[in-house]
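Nothing fancy with the numbering, it's 1 onward along the sequence.
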Amino acid sequence: MKLKFNAKQALVFLFIALACENNSDKKTTMEISPDGFILQESDLPAYEKNIDHRGLLEALGDRHGESMRTGEHIYTNTCATCHGDPEQQGSLPTAFKFWEGTFKVGNDPYSIYQTLTRGHGAMPPQVNLTPVEKYDVIHYIRETFVAPENPTQYLALNEAYLAGLPAGSSMGPEPREYKPWAEMDYGNFLINTYELVPADAAPRQRSTGPVQPLPDEDFSKANFAYKGIAVRLDEGSGGVAAGNAWMLFDHDLMRVAGGWTGEGFIDWEAILFNEKHNISPRTIGELHFENETGPGWAHPRSGTFEDPRFQARDGRRFGPLPRDWAQYKGLYAYEDRTIVSYTVGDTPVLETFGVAYSGDRPVFTRTLNLSPSGELLKMRVAPVGTEVALRGSGAELVEENGYQLLHVTDTDPIKIKLFLAAPGFTGLQEYVRNAAPAESLSAFISGGPARYPQLLETAIIPGEQEGAFQVDILNPPFNSPWKNQLRLSGLDFFKDRNKGVVCATDGDVWLVEGFTENEGKLTWQRIASGLFQPLGIKVINEEIFVTCRDQIVRLQDYNGDGETDFYESFNSDHQVTDHFHEFAMGLQADAEGNLYYAKSARHAREPLVPQHGTLLRVSPDGERTDIIATGFRAANGVCLNPDGTFIVTDQEGHWNPMNRINWVEEGGFYGNMFGFNPPADSTDSGMEQPLVWVERERDRSPSELLWVDSKKWGALNGKLLSFSYGYGKIYLVPFEKLDGQVQGGIVELPLPRFATGVMRGRFNPEDGHLYLCGLSAWGSTQPQLGGLYRIRMTDTPVNLPVGIQAQEDGVLLTFTEKLDENSVENLGNFTVATWDLLRSRKYGSKHYNEQELPLEAAELGRDGKSVKLKIPGIQPTWVMEIHYSLESESGEAVEGLIQNTIHKLGEASSL
């Protein structure tokens, strides 16, 4: 039997299989083995135990050319993003350089195979590759980079080496190209940034080079719909990706950007889909008509089409039209129909799209329903040359300045239908006379039949781990009929705490039941789809709000079936460009109803719009967006603090020597000089300092923080947690505030790594447990696409430091439980090291001024929980690491590491 699956399927099959095992606590979480591998032997597919490694290596001689071509393709499309090549640095400069480095695990092909298969350190396991493909890319790397550039690391194969390889009889599954992003049913619309191009378009521009920031491409003539609603027009199952005809509505500009037909929809080149960087998807197929980037409607009072929006330094304009000109209200989903709602001035408009055929030639249709208007309204339909016809009264077609315009002249409500065909189409007027007239769209805006009627059930695998925490695996429906990838990116609960909502970065929102009242299972209902990369969700007064890259959406269910009938655009002030990195992250609400989310800057580039690299506040009515802090690079989510401040994490990169957790106050600048309008002072004193610099060895990519709000969490109630998207971990964040500066550190909770990166968390007020959701994509080492988890605390002591104070004579730590005095006073049970970082436009930083600090004494306080480490000559430092190996008063091992930052030293205190 031929097994045909790669990364995405393999993960699905792997973790479904793991979920069925009785030994669930071991099988469904990822632990790092003593040799540094991420996956255990027991986590691997069964075929890996029977691979004929010798046969695969010997076959490379006969298929050298094919292997090199395949290996080059895999390296270029999978590996080069991080690792780069000798001429072009990868986007993760700390990634291993095959042409000059020393292999950590081993430089022979089988050792490299183990690293690819099981993952090691920051290198995630490459479960998308079959054994043949793994040896192909190993062959390419060895022959292209290692042999000519790094010969001391090149191991020549001989009989003795081959004879020592594990014996097996299988070559593994046959390779095949699998694109889960193209097979998913997104529904009949998908919002994204798209570039419209003809079938014979030249290759796109992509600036590269070692010098940062990268230069901007000349996109002045490119037709981007930055907030593009791609709508499938032809009938059939499978959603927008399975169609053959589409139109693209740009909800920044209220224009139809174009219409196209063909096989394949788009090229899927984007970080959200195939993980390509510095790129947005393009249309493929035949482009029948298009409209240039600019307002779709003239200003209702002045009659001008001149674009008034923010102009970036490259000449392009970004963001929505002013509200008094036009405003996007949202879209209705009714069966296979997509109906867009917007206003032009004070005039409400409903619009839907269609396609019909005259022979084999497509005719695109736009049906518009307009409420009464008190002024002349003008809409750009298509450039002169495009075949256009109109059916309906109250409007007329007029040519003006190279465009065919629609003039709406009637002050009564009107229903009209526009027909568009490619230049050279003959007989359109005759075709229109026989076509159906414009219909009323009011029948389709009150809710229709369920589009996703299936309710899916999944098992809850209860955790039975020893220790203070037990992890329940709440499996998503990996085998859904819509082939969802289920990369979960946000969750929240309703007043009925048994119910919650979960969003996925692929565009879905799910209603999930069974959190607190269950018999070992959850019920999942898909209630929304087609959204633009949701990365935050919040339930406010029983209404669901979702942070997307293009807008904050409020989901409206009009007929009580749970599904979204109206995707209301609560706020669409977002300034979206074509850049892959400008994620809109997290969603929180304060007591007054203000909403908060963070928007990332452009990776390795200077900004184009004021929102790049910012913390944003949206007013309770959705009518206003304010920038309240700046200077972020990749801010993954927002935490609201009890004192009205915020916590925003950021990622290592240019101007960020390491990851950082920021305690944010309004008006602050947080260090990224590639953010918009940075201060003139680029030195460290010109920015707000972080609570802590987080080393990549501790967390490759921190996500959101959360205050513990549960009495069941005992000594940790009221403390602060940090989630790791990069490594799938949870950290406790002890901190202090000195002279207005917050400083502290992180200490890992005693939990195995989660199978996904951890993105968001919420405490359920009913059961007091912590619920987490996560995903794995770019920047995470973890192998599973998505996951949902519940963390329950037991009565076992946690034995963790919950307090840290930097003082002029040392460091004061406070633990949750009482400690053994003898173990504390033994200085051999502690090591304290410090080092500095260098902040610059370069990516990250190496360690400078590394020191191990001598201890003068270690004292236990009268409360039995406080430990004073007396450190002669202690100074403020970028990074400090305190290793401790102690015993509790009851004889339990208390071992761990605190990684912290010291900006200021407080007064010495006595115990």
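- Partners of Glu850 according to the salt bridge (Lys or Arg N to Asp or Glu O under 4.0 Å) rule, which considers only residues two or more places apart in sequence or in another chain, do not exist here.
- With sequence neighbours excluded, no residue forms a salt bridge (Lys or Arg N to Asp or Glu O under 4.0 Å) with Glu736.
- Under the side-chain contact (heavy atoms from CB on, under 4.5 Å) criterion, Pro322 pairs with Pro308, Asp324, Trp325, not counting sequence neighbours.
- Residues satisfying the ring pair (Phe, Tyr, Trp, His ring centres under 6.0 Å) test with Phe305, not counting sequence neighbours, are none.
- Side-chain contact annotation: Arg549 with Gln533, donor-acceptor N/O pair under 3.5 Å present.
- Side-chain contact annotation: Asn223 with Glu195, donor-acceptor N/O pair under 3.5 Å absent.
- Thr901 and Trp878 share no donor-acceptor pair across their side chains, judged by distance under 3.5 Å alone.
- Between the side chains of Glu695 and Trp835, at least one donor N or O lies within less than 3.5 Å of an accepting N or O.
- Contact detail for Asp550 and Val576: the closest heavy-atom pair is CA-CG2, 4.0 Å.
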Exercise for review: Applying side chain to side chain contact (heavy atoms under 4.5 Å, CB included), run through Val694 and Val879 and close with a yes or a no.
Suggested key: CA-CA 8 Å; Val694 179; Val879 182; over 6 Å; no
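- Not counting sequence neighbours, the partners of Pro620 by the side-chain contact (heavy atoms from CB on, under 4.5 Å) test are Asn594.
- Between the side chains of Asp506 and Trp181, no donor N or O sits under 3.5 Å from an acceptor N or O.
- Applying the ring pair (Phe, Tyr, Trp, His ring centres under 6.0 Å) criterion to Phe570, with sequence neighbours excluded, gives Phe545.
- Side-chain contact annotation: Asn636 with Ser703, donor-acceptor N/O pair under 3.5 Å absent.
- Residue Arg206 places its CZ atom among more than 12 non-hydrogen atoms of other residues, nucleotides or ligands, all under 6.0 Å distant.
- Donor-acceptor pairing under 3.5 Å is lacking for the side chains of Arg841 and Ser682.
- In Glu306, the CD atom is not crowded: 12 or fewer heavy atoms of neighbouring residues, nucleotides or ligands sit closer than 6.0 Å.
- Not counting sequence neighbours, Lys719 has no partner by the salt bridge (Lys or Arg N to Asp or Glu O under 4.0 Å) test.
- With a 6.0 Å radius and a threshold of 12 heavy atoms from other residues, nucleotides or ligands, Asn541 has its CG atom at or below the threshold.
- Side chains of Arg633 and Gln651: a donor-acceptor N/O pair is absent below 3.5 angstrom, by distance only.
- Listed by chain and residue number, Phe224, Phe318 satisfy the ring pair (Phe, Tyr, Trp, His ring centres under 6.0 Å) test with Tyr226 (two or more places apart in sequence, or in another chain).
- Legend: residues meeting salt bridge (Lys or Arg N to Asp or Glu O under 4.0 Å) with Glu568, ordered by chain and number and at least two apart, are Arg554.
- Aromatic ring centroids of Tyr771 and Phe493 lie under 6.0 Å apart.
- Defined by atom type and a distance below 3.5 Å, a donor-acceptor pair is present between the side-chain atoms of Arg605 and Asn278.
- Residue-environment remark: CG (Asp314) exceeds the threshold of 12 foreign heavy atoms within 6.0 Å.
- No more than 12 heavy-atom neighbours from other residues, nucleotides or ligands sit within 6.0 angstrom of CD on Glu697.
- Shown here are the side-chain contact (heavy atoms from CB on, under 4.5 Å) partners of Ala528, two or more places apart in sequence or in another chain: Val509, Leu555, Thr564, Tyr567.
- Considering only residues two or more places apart in sequence or on other chains, Thr630 meets the side-chain contact (heavy atoms from CB on, under 4.5 Å) condition with Thr614, Ile627, Phe669.
- Ring-plane geometry between His603 and His654 is classed as tilted, the angle between the planes lying from 30 to 60 degrees on a 0 to 90 degree scale.
- Under the ring pair (Phe, Tyr, Trp, His ring centres under 6.0 Å) criterion, Phe632 pairs with Tyr670, not counting sequence neighbours.
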